[in-house]
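A note on names: the letters A, B, ... follow the listed sequences, proteins ahead of strands, and every chain is numbered from 1.
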There are 4 protein chains.
Amino acid sequence: MAKIAVTDAEKDVKTSRIKQIALSLFAERGYHQTTMSDIATAAGVGRGTLYWYFPSKEKLFIAALWHEIDQMIAGSKALAAQDISPLDKLSLVMEELPRSLAKHGNLIRSLCQMWGEESEEMQQQIQIAWERLNRQDHSLLADIIREGVAQNIFRPVDPDKAAATLIAFTDGLCYHWLFGFSQLESGGVEVARDIILQGLLYRDKPADDK
Amino acid sequence: MAKIAVTDAEKDVKTSRIKQIALSLFAERGYHQTTMSDIATAAGVGRGTLYWYFPSKEKLFIAALWHEIDQMIAGSKALAAQDISPLDKLSLVMEELPRSLAKHGNLIRSLCQMWGEESEEMQQQIQIAWERLNRQDHSLLADIIREGVAQNIFRPVDPDKAAATLIAFTDGLCYHWLFGFSQLESGGVEVARDIILQGLLYRDKPADDK
Amino acid sequence: MAKIAVTDAEKDVKTSRIKQIALSLFAERGYHQTTMSDIATAAGVGRGTLYWYFPSKEKLFIAALWHEIDQMIAGSKALAAQDISPLDKLSLVMEELPRSLAKHGNLIRSLCQMWGEESEEMQQQIQIAWERLNRQDHSLLADIIREGVAQNIFRPVDPDKAAATLIAFTDGLCYHWLFGFSQLESGGVEVARDIILQGLLYRDKPADDK
Amino acid sequence: MAKIAVTDAEKDVKTSRIKQIALSLFAERGYHQTTMSDIATAAGVGRGTLYWYFPSKEKLFIAALWHEIDQMIAGSKALAAQDISPLDKLSLVMEELPRSLAKHGNLIRSLCQMWGEESEEMQQQIQIAWERLNRQDHSLLADIIREGVAQNIFRPVDPDKAAATLIAFTDGLCYHWLFGFSQLESGGVEVARDIILQGLLYRDKPADDK
DNA sequence: CATGAATGAGTTTTCATTCAT
DNA sequence: AATGAATGAAAACTCATTCAT
């Protein structure tokens, strides 16, 4: 029993390692430019070993995808659990969301490259995984805004639509950063967040008077 | 000479047609899933003919890329030439920018897929083309904001940083739409724009009193 | 137009050549032990050229299969068209049938090896092709026997069952020869044929009194 | 010692089981489509265990081959030992021979598929095994015919050649049945046997007067 | 004895590119 | 100019076999 537990744990460690290495290669050189040989070499195993753990290159990618998506969703849920005021929470979230995307930039980059290429199943998995993450972030933001509106801190905007706005914005930031054509240096994010918050807050309840 | 002129014109028409067809195929099925055979067939020419006009698949893509980027830059410049108030112009631009991205969605999708894949030269060309478009859009927005700030219509934000914010936002909108995971239906864009504009305007000069 | 005719003819020649070479290799070393590289080399073409003419290894085999089956069926039909007495015809056919099988031994050997292996489609094609050939040989023999019975030369056996008997016999001869464990040297065939014919003929109308 | 005996017996049981399972898989899906993993799973043992009992896939096949060939030879010898008249014996043998082939159809099918494929050693083993079986069947039949000729029951044919004829015939029947393209339903075998026997018997000693 | 994780040689197939016509 | 037949490099994947436990 103890033997099995150890074996399973070892297997988990190994597959996780492979998934991470694969994802970083995929992100770095692109899915097609990354061969299974590359991954095997980088992971320090034989080519066949990859196929022992994952039935195909595609499945390996999908496994790596969910591995990271799950982490990101967990991070988002941790934010939601914080017990602070809507304004503080919104400020925190808008700082953390791009940071999370940046942290998992390898995945995001890969996903973008993958969009439209590859098999039906790949498409579906990416779609599902990404929607799940998006839904989580969306509800996180919408809840904050809904509460802020209820407390008369925010203007009476539609929480869902406002949340979508904020997500588009943070995602836009992230993409620019990811693809290296961002003119948003440090300091820029603050300006951006300021503009957005100003647009949400009641005029007679300025954000900076708290 | 007349002969040559006609020939050149014909050549232009043909190459443009090929570029457009190629781009739509690239966008639809992805760069790798699109073969030179596919393009030749779709364009109604022989495989070899493609190589008469373009030295390689890569160069064909780059040519198609610039073909569209130039169109997008021209569209942005046309917007800049409009002689209307900063507020109206900003409103107009924030409507047109996503629309332009959507119109050239084929290209955007391809670019995302390409990011990180392919050769050094490809990377550079994409980088340069995209930066040029971004620079244009950026200066378009920055100029508007600078003028709005000068006219005391907008809060005294840094025009460059605010412009970058707006671009990130419109790009974010566009990506969400492109990748099909947007929860922003019609009506959502207005809310978003409203939030952003509210964040830029002076509190005592509300956007809706125009 | 003449150009096209020539081209088509050349294509036919080329594909036929490839089919024959492939079949001989398949028969010699077996389907699996024969690589597309082997075939390409033997045919003096590049590996890719094979795929220009045939979509896959499997399809190449199937094409070669039908190529030869058609020839065998044509040979059988030519025998049927001969206008000689039932006894002479039967004697001739029982000489020619094993000869034809022997001539196309490459195919037969390959078919036996393939039986039970390979994909669904392969199985079906082999089944259909072989049945078609068998049906032809069967009707050839049944017609002869039917006529012989009508002319009171043969005992009143069931023509279909007797034909099946003869086919089983000639095929058995052929398999033994093909697989190299035949103890039927020259002279043996005559004894065999004699036994069979004696079994068919009326006792009071001996075969050798004609 | 007792311990060893038991162990040996157990080992025999186990290897026999593996050989039988392997052979049925080989026959069902073909040698190449059957992996060592398949066999291990079907036998309920680990992949490595197979290699404890058999040094290679090839040797496993050869072992299974001899396992069955020995059984078939034993069956043939049992027939030879029967003390009945040549005519009855011949009739019995011609019934039993195809029955034996059918019973061991798995092996026959596999052998056909193997013919021409695989290594030198494989070829030799198959050749030797098959020849040994054939020699046994041949001598069985030749002895019967020789005796029948001596007793003036059969026409004075060459016993060896006649035996070869009969074997070719029964093998032909069997192949047709094995490969599923037989038009010989029940009832057909009797006609066939009748024809053959008629061909062997003296005209003035009809087969049906016994 | 038994196991199953690990390996890598070897195969089919795709497709950008060339070049004779 | 235009074509399409020919090419071969490159990559995913399979599976018999080994060996540490």
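For the OP1/OP2 pair of dT3(E) and a distance below 4.0 Å, the side-chain nitrogens and oxygens of Tyr51(D) include no atom meeting the criterion. For the pair Lys14(B) and dA1(F), the criterion of a side-chain N or O lying under 4.0 Å from OP1 or OP2 is not met.
Here the side chain of Arg47(B) is nearest to one of dT17(E), dT12(E), dA16(F), namely dT17(E). For Thr49(A), the listed nucleotide lying nearest its side chain is dA6(E); candidates were dT11(E), dA6(E), dG10(E). For Val45(C), the listed nucleotide lying nearest its side chain is dT7(F); candidates were dT13(E), dT7(F), dA16(E). Side chain of Tyr53(D), nearest nucleotide from dT12(E), dT17(F), dC1(E): dC1(E). If you check dA2(E), dT7(E), dA6(E) against the side chain of Trp52(D), the one that comes closest is dA2(E). In this structure, the nucleotide among dA6(F), dC13(F), dT11(E) sitting nearest to the side chain of Thr35(C) is dT11(E).
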*Taking it one step at a time, do Lys19(A) and Glu68(A) satisfy salt bridge (charged side-chain N to carboxylate O under 4.0 Å, His left out)?*
CA-CA 9 Å; Lys19(A) 283 187 273 189; Glu68(A) 294 236 339; over 6 Å; no
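Among the atoms of the strands shown, only primed sugar atoms or phosphate atoms (P, OP1, OP2) are found under 4.0 Å from some heavy atom of Thr34(C).
Remark: Lys57(C) qualifies as a cation-pi partner of Tyr31(C) under the 6.0 Å distance and 45° angle criteria applied to the six-membered ring.
Rounded to whole Å, atom C1' of dT13(E) lies 16 Å from atom CZ of Phe54(C).
The two atoms that bring Ala43(D) and Ile21(D) nearest to each other are CA-CD1, 3.7 Å, heavy atoms only. Of all non-hydrogen atoms in Ser16(C) and His67(C), the two that sit nearest each other are OG-CE1, 3.5 Å.
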